Amino acid sequence: MRKYLIAGNWKMHDAPEGAFDPSSPYHTHASVDVVVFPTYLDLQSCIDSKILCGPQHGHTEAHGAHTGDVSLSMCKKRGCLYALCGHSDRRAEHKETSEEVAAQVVAALECGLHPIVCIGETLEQKNAGETEKVLKEMIAPLPTESKITIAYEPVWAISRGDPNTPAATPEDAQTLHALIRSLLPEDRREQTRILYGGSMKPENAEKLLSQPDIDGGLIGGASLKPDAFAQIVAVASNLSK
Ligand code: PGA
């Protein structure tokens with residue numbers, strides 16, 4: 001059985017109040033892996049507080065003349081364990097291509113970080129019936145024979161500050177998670193965790209997380225609210241029993 005992984009993507013926000021307290025819900029759990037992706041500014045505080053964490057993006061080269069960038073290997077050296085790769089914000093705002101995302105995944109693996117790589121279709125692509133094609137294109141360059149985690153995040157379901165954004169239905173999400181799993185190499189298919197992201201919150205977490213191919217969540221808005229995040233972790237913990 002795959003262990004649930006609940007990841008918080010704090011995006012460009014300060015750490016939530018009390019996040020670094022020993023009793024905060026951002027600490028990992030015996031029955032559920034919990035990870036957060038803060039800004040670079042809060043990575044060290046997470047590490048010092050023993051919160052499993054990683055950068056939201058990292059440069060593939062270890063060092064060099066790349067003003068404004070931070071490398072994946074520098075994050076690893078500081079104590080990060082994970083790396084988020086190819087979030088739709090990065091694909092949209094920084095024009096990261098699927099090949100560049102794959103290069104980040106490879107660089108993360110090479111320096112010993114566990115990559116969580118985001119894939120998902122936009123509303124335009126969904127309406128044009130292109131979801132399957134888009135997911136296949138995003139997966140094709142990835143080193144799926146390696147130990148990676150995939151986060152299926154339909155871009156149209158990401159809340160971007162609007163709490164009324166609808167998540168994918170559990171049935172639709174399950175269908176696409178099963179499709180994604182079928183595209184993985186046979187010997188990695190059962191072990192690879194596939195997280196769902198896009199307006200997961202306490203109200204819908206149980207239905208989403210109880211789908212057979214949904215192995216956790218990548219949570220934006222609700223991860224900034226410690227109570228809501230704690231409730232989602234509790235749902236995953238109960239489902240693990
Ligand atoms: P959301 O964000 O939970 O606020 O929809 C998810 C994400 O962008 O990773």
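Residue indices begin at 1 and follow the sequence shown. This one's a predicted model, so the numbers in the text were calculated from it and none came from an experiment. Atoms within each ligand, like the ligands themselves, are counted from 1 in listed order.
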Query raised in the report: What part of H87, side chain, backbone, both or neither, has a heavy atom within less than 4.0 angstrom of ligand 1?
Result: side chain

Query raised in the report: Could an N or O of ligand 1 be found under 3.5 Å from any N or O of I219, whether backbone or side chain?
Result: no

Query raised in the report: What atoms of ligand 1 come within less than 4.0 Å of a heavy atom belonging to S199?
Result: 1 (P), 3 (O), 5 (O)

Query raised in the report: Can R181 and E190 be said to form a salt bridge (charged side-chain N to carboxylate O under 4.0 Å, His left out), step by step?
Result: CA-CA 8 Å; R181 195 174 302 288; E190 290 311 311; 5.4 Å; no

Report task. Go through ligand 1 atom by atom and flag the ones less than 4.0 Å from a non-hydrogen atom of L218. Result -> 6 (C), 9 (O)

Query raised in the report: Any idea which protein heavy atom is nearest atom 3 (O) of ligand 1, and the distance to it?
Result: G220 N, 2.8 Å

Requested in this report: Name the orientation class of the two ring planes belonging to H177 and Y196 (parallel below 30°, tilted from 30 to 60°, perpendicular beyond 60°).
Outcome: tilted

**Report entry** Contact check: S159 vs ligand 1, nitrogen or oxygen atoms, below 3.5 angstrom
**Finding:** yes

Query raised in the report: In terms of atom number and element, which parts of ligand 1 are under 4.0 angstrom from non-hydrogen atoms of N9?
Result: 9 (O)

Query raised in the report: Can D227 and Q231 be counted as having a side-chain donor-acceptor contact under 3.5 angstrom?
Result: no

Query - Side-chain H-bond candidate by donor/acceptor type, Q56 with W10, under 3.5 Å - result: no

Query raised in the report: Mind checking whether G197 has a heavy atom under 4.0 Å from ligand 1?
Result: no

Report summary line: For G198, the atoms of ligand 1 under 4.0 Å from one of its heavy atoms are 5 (O)

Report task. Pick whichever of K201, E153, K11 has a heavy atom sitting closest to atom 8 (O) of ligand 1. Result -> K11

Query - Contact atoms of ligand 1, heavy-atom distance to G221 under 4.0 Å - result: 1 (P), 3 (O), 4 (O)

Query raised in the report: Out of D215, I119, I116, which residue meets the side-chain contact (heavy atoms from CB on, under 4.5 Å) rule with I150?
Result: I119

Query raised in the report: Rounded to the nearest 0.5 Å, how far apart are CG of D172 and OH of Y152?
Result: 8.0 Å

Report task. Would you please say whether a donor-acceptor pair under 3.5 Å links the side chains of S199 and S159? Result -> no

Requested in this report: Would you check if there is a donor-acceptor pair between the side chains of H66 and E61 at a distance under 3.5 Å?
Outcome: yes

